[in-house]
Amino acid sequence: MNTASLQSLCIAPGASLREALARLDATAQGVLLVADPAGRLLRTLTDGDLRRATLAGVDAQAALASLPAQPPICADLRASMRDVLDLMDRHRIDHVPVVDAAGRAVDLVTRRELSQRIYLSSPHLGDDEAGLVQEAFSSNWIAPLGPHVDAFEREFALAVGLPHAAATSSGTAALHLGLRLLGVGTGDVVLCSSLTFVASANPIRQLGATPVFVDSEPAGWNMSPQALRRALAALRADGIRPKAAVIVNLYGQSAEMDALLPLLDAAGVPVLEDAAESLGATYRGRPSGSFGRLAVFSFNGNKIITTSGGGMLAGRDGDLIAHARKLSTQAREPARHYEHVEDGYNYRLSNVLAGIGRGQLRVLEQRVQSRRAVHARYRAALAGMDGVRWMEEPQGHRSTRWLSAFTLDLPEASARRDALLDFLERHNVEARPVWKPMHLQPLYAGCRYFTHAPERDVSAALFAGGICLPSGSNMTAAQLDRVCELLARGLELAAHATT
C-alpha cells in the first residue's frame, strides 16, 4: 500500500459516523484508521463497528470519538508476516496496521495479501513438458539414462553453442565433476569468484584443494579483472600456479570474458565457467557458458528453466565430457560384469526429468524476454529513487535478468536493506540479500582474497546493500504492480527506520 492509499484510510476522531461510512465505501478496504492530529493511531474502524453503532442507536452525525474506546490491534515495524497472521487469527480480524515507535500508522497488512505469496523465482512450466514426461512413463524409461537424457544433452549443447554436454543430477554435481576433470586435487589452489552461492566453492574444498577468492567489479558485479590480475601476480610471486579458475556468471549475466580469459590463458590456468545462473545470456554475441574449457549449468527449481533439480556439464572436449558421463555413473568400466578402476558418483539425470528439461528448453527465449520485461518494469517504477543502483548491463552483454538486483548506495545500507526485506516479507513477498561473499563466510575464514582495488572491497559493499527482487517469468501484471507499489513504500519506510 502506497502513502496516498494509506492516507486515504486515515480519518480524524472528530469525523462523523456518516463521513466514516462514506470513506469506507470510497476506499473499499474494509477498514479505516482513526488517528489524532499527530498521526498516532487511536483505533481501527470497520463496517462491523459502524453497524453495531447504528444498532445501538448512535446518531449518524455523532463523532467517532463518541464511540466506546477500542485500543487498536497493531504490529510494530519489527513484526514478521507470521506475527501479523497470528494477530489476525487470535483476534479474528482481517487487517493489521503497522505503527512506528511514535505510534503512527505507517503501513497496513491485509489477510488477502497474506494468502497470495509472491516468490523470488518460482518454476514456470510450458505446454510440452507433460507430454514428454508421459513418453518416459509410456516407454518405461524412468530411471537415470534413457532417450530423453540423450536428446536433452544434444539439444542443450546446440542451444549453448557447444558440441558436447552431459546431464547431471544437479549443478553442484556438474561443478564437482568439472573440477575433477580439470585435475583439481589435494594441495591444489583454485581461483574462484567470491560473490556467489556456496556451491561454486564447496567442490574445491571437497576435492582437497584450497580456494583463493577474487572480488567483483562494480558495474556488472562479476569477477574483477583488476582483482584477478593482482591475485595471479601474488600467487606467481609465491611460486603457485592455480590448477583452475571458477568464473561465476552472476544473476543471469556473463563475466567480462575478454578481460579475464587472456590473464588466465597467459598463466596457464583452465577455466570452469559457472553459468548456473546465466543460461540464455550472451556476451558479445556468444552464449554464456561457451567460454571456459568446461561450463556448468543448473536446472534447480528457481532457475530460468528447471527440471526440478538437475544440471549440465558442457564443453568442446568430447573426451572430457565422455569421462564425465562415466564418472557420473559410478565410473563403471565397459565390461559384462561391474568393473571399476576409479571412484565415481551417482550423478546422472533421470529420463523423466530430462523430458521436463527438453520442454523447458523450447521456451528458454520466452523466459528470458519475460524476465527482462520484469526488470524493465522495476527500473521504471523506481526511477528517481535516491540511492537505488541497479546491477548494470555493460556494453556487449545481454543479461537474462534471472534475478533483478539492486544495491542501496546510502548511509546505513545494511539497516535499510534489512528494513526493506522485513517490510516485503511482512506483505508475503519473497526477496533476498545478494549472495554473501565467500570470503566473509565462516566456512572459508582464513582463505586468501583479492579485492578489486586496495581498500575497496566491492563484493562486501554489494552484499551490504544488495537486494534481489521477485523475478519469475510467470509473474502476473497484478503481482508486478503490487511489488512495485510495495517497493516504493518500503524504501520510504526503510529511510525513516534509520533516521
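Keep in mind it's a predicted model, so treat the numbers as computed, not measured. We use all heavy atoms of the structure for the numbers below, so side chains are in, but hydrogens, waters and symmetry mates are not.
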**Message:** Assess, by modelled atom type and distance only, whether the side chains of H397 and Q253 contain a donor and an acceptor separated by less than 3.5 Å.
**Reply:** no
**Message:** Looking only at the side chains, is there a donor atom on one of N202 and H176 sitting less than 3.5 Å from an acceptor on the other?
**Reply:** no
**Request:** Any chance you could lay out the ring-ring contact (aromatic ring centres under 6.0 Å, His included) test for F297 and F156, step after step, and finish with the verdict?
**Result:** CA-CA 10 Å; F297 300 86; F156 187 88; 4.9 Å; yes
**Test item: side-chain donor near acceptor, S122 and N474, under 3.5 Å** = yes
**Message:** Looking only at side-chain N and O atoms, does S288 offer a donor or acceptor that is under 3.5 Å from a partner on S278?
**Reply:** yes
**Message:** Among residues at least two apart in sequence or on other chains, which ones pass side chain to side chain donor-acceptor pair (under 3.5 Å) with Y283?
**Reply:** E256
**Prompt:** Quick one: does NZ or CZ of R286 land under 6.0 Å from the six-membered ring centre of F291, within 45 degrees of the ring axis?
**Reply:** yes
**Request:** Please say whether the positively charged group of R325, taken as NZ for Lys or CZ for Arg, lies over the ring of Y347, i.e. under 6.0 angstrom from the six-membered ring centre and within 45 degrees of the axis.
**Result:** no
**Message:** Using the salt bridge (charged side-chain N to carboxylate O under 4.0 Å, His left out) criterion, which residues pair with R117? Sequence neighbours excluded.
**Reply:** E425
**Prompt:** Taking only residues two or more places apart in sequence or in another chain, which ones pass side chain to side chain donor-acceptor pair (under 3.5 Å) with E393?
**Reply:** R372
**Request:** Test the R332-Y338 pair against the cation-pi criterion, namely NZ or CZ under 6.0 angstrom from the six-membered ring centroid and within 45° of the ring axis.
**Result:** yes
**Message:** Do D215 and S224 pair up side chain to side chain, a donor and an acceptor below 3.5 Å, judged on atom types alone?
**Reply:** no
